[in-house]
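Right, one structure below, let's go through it.
Reckoned from all heavy atoms, side chains included, excluding hydrogens, waters and symmetry mates.
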Amino acid sequence: MESKLAEKKPSSVIPMITMTLLFFMWGFITCMNDILIPHLKQQFQLNFQQSMLVQFAFFGAYFIGSVIYFLISYYKGDPVNKVGYKKGIIAGVLLSAVGCCLFYPAASLSVYGIFLTALFVLGLGFTILQITANAYVTLLGDEEGASSRLNLTQAFNSFGTTIAPVLGGHLIFTLFTQNGQVTADSTRIPYLIFAGILVLLAIVISQVKLPSFSTDAEEERGLGALKFPQLKLGVVGIFCYVGAEVGIGSLLIAFMEKPETMGLPEVVSKNYLALFWGGAMIGRFLGAISLSNLAQAKKILYMIAAAVVVYLVIFSIVDLTFAQTSFFLVFIVLNILAFFVGRSAPARTLVLFAVVNVILLLVSIFSTGEMAVYPILGIGLFNSIMFSNIYTLSIAGLGKYVSQGSSLLVMAILGGAILPLVQGSLADAAGIQDSFFIPVACYIYILIFGLYCMRKVKVDPNLKVNVNH
């Protein structure tokens, strides 16, 4: 990829800090959906399938937005390359703020359809960020460090998803209640606060001097990217991964409320949900270290240190005792071992993590009490590098079709809209526990995709991704 910079390249420190803040808020608000689902389910007396329309509206926007972007790129040229990354990012942030503002009339009028509309608009804003911000971070510095920078920002995105269940749950279920009852203000005020923060962030981004990028690469039309089998298989892989992760996170609170599991109230279960999302944060930090050029002994030392530090951060956030969270240390050790067995090879690591997730889900499905819940909470650790590994393997060798392939992979986030709806239907018909067979099938597919890529696809061991826009 050829990029044009200003003659004097500005420091990327301030832009990276700004992007890190953006990724944090992005993750935080996305994970708020898991808090909204049980709240709206109770408020509107919904079944599981109806409550999953929250994720259908939000992640369906990713698909619609990506299709619109693809069609504009096809007929008019790449919009981001025309207006610039900075303006594209600001547009995405402001559109997300509009989506947050729509929660005010939704809560005031108490209309489920307006809530879904607000989530759809919010999802459209995040679609623009998905297209612009990820690629922009890879350009903020040398190509060799692109994967490291993206892992760092995604780790802070995971930090947002980790504290959202705790802080967001406190806002909805505790702070903005009346006599212990959830009211319209429980969603109205928090989302107005989120909108204000997003607008402030857009103003900050507009004032920060961000380096501008453009490309001389010839834009490709048609669907040439689909001649690569790894991309076609990878699109389904992203569909399955996002659908499995969103479906599990969406039903975890309801699953922990069941008397045959842990029988926890929402104010407690939201803290365990933070462990699920916190695992993804730990896994991404560990993945970044495992991909470094450090000596093996230093890698082990740094990975253990990072795991302990991040675990302590999570422990300080959640309202749980050490005895209640100590089981999670077992999964962290297992995660570190899996990284070393995977030896930083994307396909091999993907296969190992998919196998572990299948085992953990099956244990949960066929167990009761804490043994039904704890394995599912450990899945976040093994979800951590799946998106980036599937993405990297899918676009390997695409050459001039990388940009087109990337847009198709973003469309596949539609899995977060479709599969939770399917899982919700199964939960209504057969129970929450049996509904986890849906993500089992998803991880089995990811396992098969990883095995195919082990034989057919060769990728730079540093997971370097060239993004053309």
Side-chain angles (χ1 to χ4, degrees), residues 1-3 59 62-82 127 130-132 134-135 138-139 143 146-147 150 214-244 345-351 354 385-419 441-469:
M1 179 188 64
E2 298 180 4
S3 298
F59 286 99
Y62 274 77
F63 177 74
I64 300 297
S66 298
V67 169
I68 293 172
Y69 186 90
F70 181 84
L71 291 175
I72 293 174
S73 298
Y74 183 87
Y75 290 106
K76 301 293 184 180
D78 194 323
V80 172
N81 196 46
K82 293 179 183 298
T127 303
Q130 186 81 5
I131 293 169
T132 57
N134 279 314
T138 67
L139 299 172
E143 184 179 335
S147 180
L150 197 55
S214 61
T215 178
D216 293 327
E218 182 181 350
E219 295 178 2
E220 293 297 325
R221 296 191 176 187
L223 290 173
L226 290 179
K227 68 183 179 183
F228 297 92
Q230 71 269 28
L231 177 66
K232 290 184 285 188
L233 294 171
V235 167
V236 181
I238 292 291
F239 182 93
C240 288
Y241 161 72
V242 178
R348 186 186 297 114
T349 306
L350 186 65
V351 168
I385 50 80
M386 280 193 173
F387 186 94
S388 59
N389 281 22
I390 296 171
Y391 180 92
T392 304
L393 292 164
S394 299
I395 65 172
L398 263 63
K400 62 185 179 180
Y401 295 105
V402 165
S403 181
Q404 188 180 97
S406 297
S407 66
L408 293 173
L409 290 167
V410 173
M411 289 182 196
I413 294 176
L414 178 68
I418 301 297
L419 293 180
C442 292
Y443 289 122
I444 288 175
Y445 176 85
I446 293 170
L447 165 63
I448 295 170
F449 171 74
L451 289 172
Y452 171 85
C453 291
M454 283 178 67
R455 294 185 293 108
K456 301 289 187 179
V457 179
K458 294 190 180 298
V459 182
D460 187 306
N462 290 320
L463 289 181
K464 288 184 286 189
V465 180
N466 294 323
V467 182
N468 282 320
H469 276 282

Which pairs of donor and acceptor atoms, one on a side chain in residues 236-244, lie under 3.5 Å apart (sequence neighbours left out)?
unit_1, atom_1, unit_2, atom_2, d
Tyr241, OH, Glu245, OE1, 3.2
Tyr241, OH, Glu245, OE2, 3.0

Got [X] and [Y] here, is their nearest side-chain heavy-atom distance under 4.5 Å?
X: Thr127; Y: Tyr69; result: no
X: Leu233; Y: Tyr445; result: yes
X: Cys442; Y: Leu419; result: yes

Rounded distance [0.5 Å steps], NZ in Lys456 versus CG in Leu393: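 Lys456 atom NZ to Leu393 atom CG measures 15.0 Å (nearest 0.5 Å).
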
Contact summary for Lys227 and Pro229, nearest pair of heavy atoms: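 Looking at all heavy atoms of both residues, the shortest contact is O-CD, 3.4 Å.
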
Closest heavy-atom pair and its distance - Phe63, Met411: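 Scanning both residues, the minimum pair turns out to be CD1-O, 3.5 Å.
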
Gln230 side chain to Val457 backbone, donor-acceptor under 3.5 Å: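 A pair under 3.5 Å: no.
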
Report the residues that fulfil side-chain contact (heavy atoms from CB on, under 4.5 Å) with [X], sequence neighbours left out, ordered by chain and then residue number.
X: Leu447; value: Val351, Ala354, Val355, Leu451
X: Ser394; value: Leu231, Ile390, Leu409, Phe449
X: Thr349; value: Phe339, Phe353, Ile385, Asn389
X: Ile448; value: Ile444

